[in-house]
A.B. asks: 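If you scroll down you'll find the structure; I have some questions about it.
Fair warning: this is a prediction, and the values are worked out from it, not measured in the lab. So you know, we letter chains A, B, ... as the sequences are listed, proteins then strands, and number each from 1.
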There are 2 protein chains.
Amino acid sequence: MDRLEDDVRVRLRQAAMALFEERGYERTTAAAIAARVGVTERTFFRHFPDKREVLFDGEAVLRTALTAAIAEAPGALGPLATLFWSFRSIRPLLENNRHYSEPRHALIARTPPLYERELAKTAALTDALVDALRLRGVADLRAALAARTGMAAFGHAVIAWLEDPEPGLGERLERTFAETVALVAEAGH
Amino acid sequence: MDRLEDDVRVRLRQAAMALFEERGYERTTAAAIAARVGVTERTFFRHFPDKREVLFDGEAVLRTALTAAIAEAPGALGPLATLFWSFRSIRPLLENNRHYSEPRHALIARTPPLYERELAKTAALTDALVDALRLRGVADLRAALAARTGMAAFGHAVIAWLEDPEPGLGERLERTFAETVALVAEAGH
DNA sequence: AGTGCCGATGTCAGTCACTGACAACAGGAG
DNA sequence: CTCCTGTTGTCAGTGACTGACATCGGCACT
C-alpha cells in the first residue's frame with residue numbers, strides 16, 4: 001500500500017545510489033537523479049530535504065528497532081549491558097541488509113559530505129538511545145555517557161564487519177564488547 | 001609575524017562569529033561576513049574552503065596537542081590509560097579558551113549544519129588519536145576501539161563542562177573516567 | 001632606479017543546491 | 001458532476017561555491 005505511494009521515492013533512492021557509484025557523488029546533480037526517474041528536480045527536493053538525505057532513509061528503522069529493544073531488555077541489566085543486549089538483538093536486521101549497506105558504506109566512507117551526514121545520523125541515534133535509557137530510569141548524564149560508550153563499540157563492530165565480513169557480525173560484536181571491557185578494566189587504575 | 005599576514009583571516013573569523021550570533025548562521029551570507037571585514041566574498045572563500053569552516057580553525061591546535069601528549073605519555077600505560085592521561089594534560093589549553101569556546105559551542109549546538117561539521121572534526125580528531133596510538137605499537141583495531149571509547153568519554157566531559165562550568169573541567173574528566181570504568185565493569189558479565 | 005616575480009585580492013561569469021509561489025492534473029468522496 | 005486533496009510541473013530567485021583572468025603592492029636581484 002505504501003509500495004505505490006512511495007514508488008517515486010524508492011526509485012529516486014535507487015537512481016541516486018546508482019549514479020553516485022557511476023559518476024561519484026559530487027559529479028551527480030540532483031536534476032540528473034530526478035531525470036533518470038522521469039521527474040523534475042523540484043520533485044526530488046519534495047521527497048528529500050537535501051541531496052545527501054536520499055541515502056539515509058533507513059535510519060529511522062534502525063532507531064525504532066533499537067529503542068524498542070532497549071525498552072524490552074531484561075530489567076536487571078545495567079545501562080551498558082542493556083545497550084549491548086539491544087545491539088545483539090538487532091543483528092538479523094543488519095545482516096539482512098548487508099548487500100545494500102555494504103556498498104553504501106563504501107560510498108559514504110569515500111565521500112566527505114556523505115560521511116558528515118552519517119556522523120550526524122549516528123549522533124541522532126545516540127540521542128535516541130539516551131532517551132530510551134532514561135525511560136528505564138537511568139539518570140541523564142549517566143545515560144548519555146553509556147550511550148556514547150555503547151555506540152562507540154557498536155559503530156566500531158559494525159564498520160569492521162561491513163569492511164570485512166570474515167568473522168560474522170555476531171562474532172564482531174562479542175569480540176568488541178569483550179575488548180571494550182578489557183580496555184577499560186586495564187585503564188581503571 | 002603571522003599577525004599581519006593572517007590579519008584578514010582572523011578578522012573574518014571574528015566577523016563571522018559576531019554575525020552568526022546576531023542574525024543566526026542561516027541568515028548570514030558569506031558576502032556579508034566579507035563585507036564587514038572590507039573584502040570580497042571571493043576572498044572569504046580563499047581563506048576558508050566553505051562557510052562552516054570559518055568556525056573550525058582551532059581544531060588543528062587541539063589535534064597537535066593531543067597527539068603530542070600521546071607520544072609523550074608514560075610507556076607503561078595501556079591504550080585507554082594513555083588517552084586519559086593525554087586528555088588530562090590538555091586541560092589548561094581548554095580552560096584558557098573557555099571564554100571563546102563556550103558561546104561557540106552554544107551556537108554550534110543549535111545550528112545543525114555547524115553541528116555536523118563539528119562531528120566531522122571530532123571524527124578526524126579520533127582518527128589522529130588512532131594514528132598516535134599506533135605509533136606506540138597498539139594494534140589497529142584495538143587502537144580504533146580505544147580511540148572511540150576514549151573520545152566518547154572526553155567529548156562527554158568537555159560538553160558537560162561547556163554547558164555548566166560548575167565542577168571544573170578536571171573534576172568532570174575524573175568523574176567521567178571513573179564512571180566509564182564503573183559502567184563498563186558493571187556490563188562485564 | 002629599474003625590472004621581474006609573487007602572493008593576496010578584485011572582478012566576472014557560471015554551476016548547482018535549494019526554496020517559495022502558483023498552476024495543472026488525477027483520483028476519490030460526496 | 002463536482003469538490004477536495006495530494007502529487008507534480010513550472011518558473012523565478014537566492015546563496016554557496018569555483019575557475020579564469022586582471023591588478024596591485026612589496027621584495028629581491030641587478
A.B. asks: So A:F84 and A:F177, would you call those rings parallel, tilted or perpendicular, with 30° and 60° as cut-offs?
C.D. replies: parallel
A.B. asks: Run the salt-bridge test on B:R110 and B:E21 with the 4.0 Å N-O cut-off and return the result as yes or no.
C.D. replies: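 Result for this pair is yes, salt bridge flagged.
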A.B. asks: Looking only at atom types and distance, does a side-chain atom of A:T67 sit under 3.5 Å from a main-chain N or O of A:T64, one as donor and one as acceptor?
C.D. replies: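 Checking the backbone N and O of A:T64 against the side chain of A:T67, a donor-acceptor pair under 3.5 Å is found.
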A.B. asks: Would you say B:H47 places a side-chain N or O within less than 4.0 Å of OP1 or OP2 belonging to C:dT9?
C.D. replies: yes
A.B. asks: List the protein contact pattern of nucleotides 16-26 of chain C with one symbol per nucleotide (5' to 3'): B for base contact, S for sugar-phosphate-only contact, - for none; contact means a heavy-atom distance under 4.0 Å.
C.D. replies: SSBBBB-----
A.B. asks: From CZ of A:R27 over to P of C:dT15, roughly how many Å is that when rounded to an integer?
C.D. replies: 16 Å
A.B. asks: I want to check one thing: is the phosphate of D:dG9, taken as OP1 and OP2, less than 4.0 Å away from some side-chain N or O of A:T43?
C.D. replies: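 Result: yes.
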A.B. asks: Where the side chain of B:R98 meets the backbone of B:L162, is there a donor-acceptor pair that is under 3.5 Å apart?
C.D. replies: yes
A.B. asks: Under 6.0 Å from the six-membered ring centre of A:F48 and within 45° of its axis: does the NZ or CZ of A:R9 meet both?
C.D. replies: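 The answer is yes, since A:R9 meets both limits relative to A:F48.
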